[in-house]
Amino acid sequence: MNDVRLITVTMNPAIDRVIEIEKFAIGRVSTARLLGWYPGGKGINVARVLAKLGTRCIATGFVGDAELAMFEEHITRVGEGRAVMQLLRVRGQTRTNMTIMDPVMDTETHIREDGFRVYPEDVRRMSSKVGMLARDDTVMVFGGSLPPGASLGDFRTMLHVCADQGARVIVDMNEAAMVAIREEPLWMVKLNASELAGFSGMPTDSIEATLAAARRVCTLGGGMVHNVIVTRGADGAMMVGEDLGPGAWFSAKVAVHPARIVNTLGCGDSLLAGVLHEWKRSDSWCDALRFGVATATATAVSREAGTLDLEDVREFLDAILVDESPGGANPAAASIP
């Protein structure tokens, strides 16, 4: 078992509102059904799923002053106290993001607000907070977007603080941010296929092309990115990197009837949480990727947005298909509480 501390950092959290509208169309009055309303943001989502799976973590980042209590209550309740909230309050209101699900047209429409503005003193407080939490037994997960007022230079400074403290850093952010920091020392990045194509400048339309593009990412900036996880939608996920061994890679997927998929909001965050949960427990990257794919799939079939059922995780874990490089380890049985 890895004796590591897991910390998530969310600098631009959101209140995620998920509604369902049949035959949704712009420019007309529609009747909506509320599917979910909960505190979110990539790092917050990762912390919530980690806690649900049974892994303790700390979640830090910014939050609007008026929404702090709601975030703390929700994560404490859903995570059964395993996720410790250490959010820093800022002026302004936490943004609300909306996802519109159309079950008839089988579409998802995402509407994203910019978020509150942060100021230099807020950024200094966050840099100090990151410095206090980062150390050589820590994995720091930076997820989501930067709020207005926080620059990529500010973010790079925080990454340097983590590196100076010996922490391992995972980044899951938008393509522009990823490109801007690709010469920074990163233990791991998580990208979807589209982001990988933009980041690497290579196609990702097949597993072979995706593998080549992921390996390319590991060489950019003089090999500063050590490991890459790529999410591929219905085709599952892939991992490459130095922690797997020279030339090693894993790919995992599970076949699910399309009718079972309710929504994909937060599935990438659930995948990363599942990977870290199982890696911390078993120290096996193959098992970790299998578990991550099972966790992401359980999120996709959940009828209640922002939640997952551990029984669904178990079901999909038993059905995972793994492909690997010849030198990869044979998959073993992962477990959940």
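Since the model is a prediction, treat every value here as computed from it, not as a measurement. In this chain, numbering begins with 1 at the start of the sequence shown.
- A distance-only check finds a donor-acceptor pair linking the side chain of Glu195 to the backbone of Asn192 [under 3.5 Å].
- No more than 12 heavy atoms of other residues, nucleotides or ligands shown are found within 6.0 angstrom of CZ on Arg303.
- A pairwise comparison of heavy atoms in Asn174 and Ser145 identifies ND2-CB, 4.4 Å as the closest pair.
- Summarising the geometry of Thr10 relative to Gly43, their closest heavy-atom pair is OG1-CA, 2.9 Å, with the distance given to 0.1 Å.
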Would Val130 and Phe142 count as a side chain to side chain contact (heavy atoms under 4.5 Å, CB included) if you check the C-alpha gap in whole Å, the side-chain angles of each, and the deciding distance to 0.1 Å?
-> CA-CA 10 Å; Val130 167; Phe142 289 85; 4.2 Å; yes
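- Ring-plane geometry between Trp279 and Trp187 is classed as tilted, the angle between the planes lying from 30 to 60 degrees on a 0 to 90 degree scale.
- Hydrophobic clustering keeps Leu88 apart from Ile15 (ILVMFWY residues linked when any side-chain heavy atoms are closer than 4.5 Å, directly or through intermediates).
- For the side-chain contact (heavy atoms from CB on, under 4.5 Å) criterion with Phe316, the lone passing option out of Val301, Val293, Thr295 is Val301.
- Between Glu121 and Arg91 there is a salt bridge, since a side-chain N of the basic residue sits under 4.0 Å from a carboxylate O of the acidic one.
- Two residues are said to be in side-chain contact when any heavy atoms from C-beta on lie closer than 4.5 Å; Met11 and Met158 meet this criterion.
- Under the 4.5 Å side-chain heavy-atom criterion for grouping Ile, Leu, Val, Met, Phe, Trp and Tyr, Ile75 is not connected to Ile7 through any hydrophobic cluster.
- Sparse packing is recorded around CD of Glu304, with 12 or fewer heavy atoms of other residues, nucleotides or ligands lying under 6.0 Å away.
- Within 6.0 Å of CZ in Arg89 there are 12 or fewer heavy atoms belonging to other residues, nucleotides or ligands.
- Annotation for Pro103 and Glu20: closest pair CD-CG, 3.5 Å, computed over non-hydrogen atoms.
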